[in-house]
Protein chains: 2
Amino acid sequence: MGSIDSKTEEIIFRAARKVFTRKGFDGARMQEIADEAGINKALLHYYFRNKDKLFDRVFRDVVKSTLPQLIGIMNSDMPLFDKIRTFTSTYIDILSGNPEFAGFVFHELSRNPYRLLESLKESGPNLRVLENQIKEAALSGKIEYIPVTHLVVNMMSLIALPFIAQPVIMGMFSMNPEDFDAFIRERKELVPQTIIHSIIKRP
Amino acid sequence: MGSIDSKTEEIIFRAARKVFTRKGFDGARMQEIADEAGINKALLHYYFRNKDKLFDRVFRDVVKSTLPQLIGIMNSDMPLFDKIRTFTSTYIDILSGNPEFAGFVFHELSRNPYRLLESLKESGPNLRVLENQIKEAALSGKIEYIPVTHLVVNMMSLIALPFIAQPVIMGMFSMNPEDFDAFIRERKELVPQTIIHSIIKRP
DNA sequence: GTCTATAAACAGATAGAC
DNA sequence: GTCTATCTGTTTATAGAC
C-alpha cells in the first residue's frame, strides 16, 4: 500500500507533486497535472481514483521525504552545537532543492490540521533527547537555559521562513534569483551562529 | 477610489476579509462570503464586480493595515536595540490579533508575485536608516556586523513563522490554544533577546 | 439596493471505444 | 492501459423583478 508500481503511475505522481506543491490543493487542477504528466485527465482517475487521494499521497510523500531526516538528527546523540549545525544545514539543503515544500506543508496543514495527526505522529520527534541536552548544557554553565519548544521553533523559523517569504524578500531587497540563492547559502553559516550566540553563556 | 461608502459594502468587505484570509483566494467561495455577510451572493457582484476585484481590495487592505506601522518603526530614529524590541512587540501584537495574516500574505504573494510590486512598493521600507545604525553600532564596537537583509529576515522569521506553523507547533508540542497563546507571549521577550544576543559584542 | 432565478463556464469524475 | 466524449456538480457571474 502506498507504493508506486508502473512507469506511468510514477510520471503522474511526480507531475502531481509538482503542481500540488506549487499551487496547493485548492489551486491545483487535475487538467494541469495531466498536462504536466503529458497524459490524459482520465488516467489520473484510473491510477489514483480522485483528487483527494492523489493529494493525500503527495502530501505524505513530501512529509516522508523530509521529516525523518530531520527527526533522525534531532534524536541522535550528537553534541548540542553539532546538532544545531547539522540540523540547519540539512534542512536548508532540503528546502533549497524544494523551495515550495515549506509553504506547501504549513499552508495545507492550516487548511486541514487533521492530516497532521496522521502524517506527523507516524514519525513523531522525540523531544526528550534534545531537552536533556539543553538541561545538561545549562547546568554545566555552557549555555543559558531555553525551553526546547522555543529552540526548535527558532531554528524552524530562521530556516523555513525565508523560503516561504521568497517573493517578499526578493522584492524588498531587490534581489534576483541568484542573489536569493547566495542569500540562502549565507544562512547555512549564519543561522547556527545566530542560534548558538543566542544561548551560549557569556564569560 | 478604494474607500468604503455604504454600510452594506462595509459588512461585505469585512466578511470577504475574514474568508479570504482564512481560505486564501483559491479556497474562498463567493457563497461563503455572502453567508458570512448575511446577504445575497448577487450583492457581492453589485458592490465589487467580481471575485478578483474583491480579493484585490482585501489584500491591499491587509497590507495597508500592517506594513506602514512596521515600516514606521524601521524608519524611525529610535536606537537600534529599542527598534528591535518595538518592532517585535508591534509585529507580534498585530499577528496575535490576526493570526492568519502572515500565512495569507506570504501564500498569496507566491501565488501571484506581481501584486507585491504594487502593494509593497507603494510604502516601501527605507533600509538605509537601519543599515546606517548597524554600521555605526558595529564601528563603535557595540555589535558584530550583520547585513541588514539577514537582520530583517531573522526578525521576520522568528516573529511570523510561529503563526504560519501554528498547527504544526500545537501538534508537535501537544499544546492547546491557551498554551499556544502563552507561547507567543513568551516570544515577545525572547525574540528581541535572541536577536540582540546574536549580534551584541562579547567582552 | 436587494432579492430570485438562471445563464455560462469550469472542474472533477465516469462511460465506453480502442 | 490509454484515449475521447460526456455527465454531473459546482462556482462565478448576470438578468430582471421588486
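Order of the sequence lines sets the chain letters (A, B, ...), proteins ahead of strands, with each chain counted from 1. Only this structure's heavy atoms are used, side chains among them; waters, hydrogens and symmetry mates stay out.
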Item checked: Per-nucleotide protein contact string for nucleotides 3-18 of chain C, where B marks a base within reach and S marks sugar-phosphate only (heavy atoms under 4.0 Å, - for neither) -> BB------SBBBB---

Item checked: Check against salt bridge (charged side-chain N to carboxylate O under 4.0 Å, His left out), A:D61 and A:K64 -> CA-CA 5 Å; A:D61 181 73; A:K64 291 262 173 66; over 6 Å; no

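Nucleotide D:dA13 holds its C1' atom 14 Å from the CD1 atom of B:I33, rounded to whole Å. Between the C1' atom of D:dA13 and the NZ atom of B:K53 lies a distance of 13 Å, rounded to the nearest Å. Between B:K23 atom NZ and D:dT11 atom P the separation is 11 Å, expressed in whole Å. What separates CD1 of A:I12 from P of D:dG1 is a distance of 11 Å, to the nearest Å. Distance CG (B:D35) to C1' (D:dT11): 13 Å, rounded to an integer number of Å.
Counting only residues at least two apart or in different chains, side-chain hydrogen bond (donor to acceptor under 3.5 Å, both in side chains) contacts with residues 27-40 of chain B comprise B:K18-B:E36, B:K23-B:E32, B:Q31-B:D35. Applying the salt bridge (Lys or Arg N to Asp or Glu O under 4.0 Å) test to every pair with at least one member in residues 86-97 of chain B, sequence neighbours left out, gives these pairs: B:D93-B:K188. Applying the salt bridge (Lys or Arg N to Asp or Glu O under 4.0 Å) rule to pairs touching residues 148-165 of chain B yields nothing, sequence neighbours excluded.
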Listing, residues 154-166 of chain A side-chain donor-acceptor contacts under 3.5 Å, not counting sequence neighbours, or none:
{"unit_1": "A:N154", "atom_1": "OD1", "unit_2": "B:R187", "atom_2": "NH1", "d": "3.0"}
{"unit_1": "A:N154", "atom_1": "OD1", "unit_2": "B:R187", "atom_2": "NH2", "d": "2.6"}
{"unit_1": "A:N154", "atom_1": "ND2", "unit_2": "A:H150", "atom_2": "O", "d": "3.4"}
{"unit_1": "A:S157", "atom_1": "OG", "unit_2": "A:V153", "atom_2": "O", "d": "2.6"}

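In this view, B:F106 satisfies the ring-ring contact (aromatic ring centres under 6.0 Å, His included) rule with no residue, not counting sequence neighbours.
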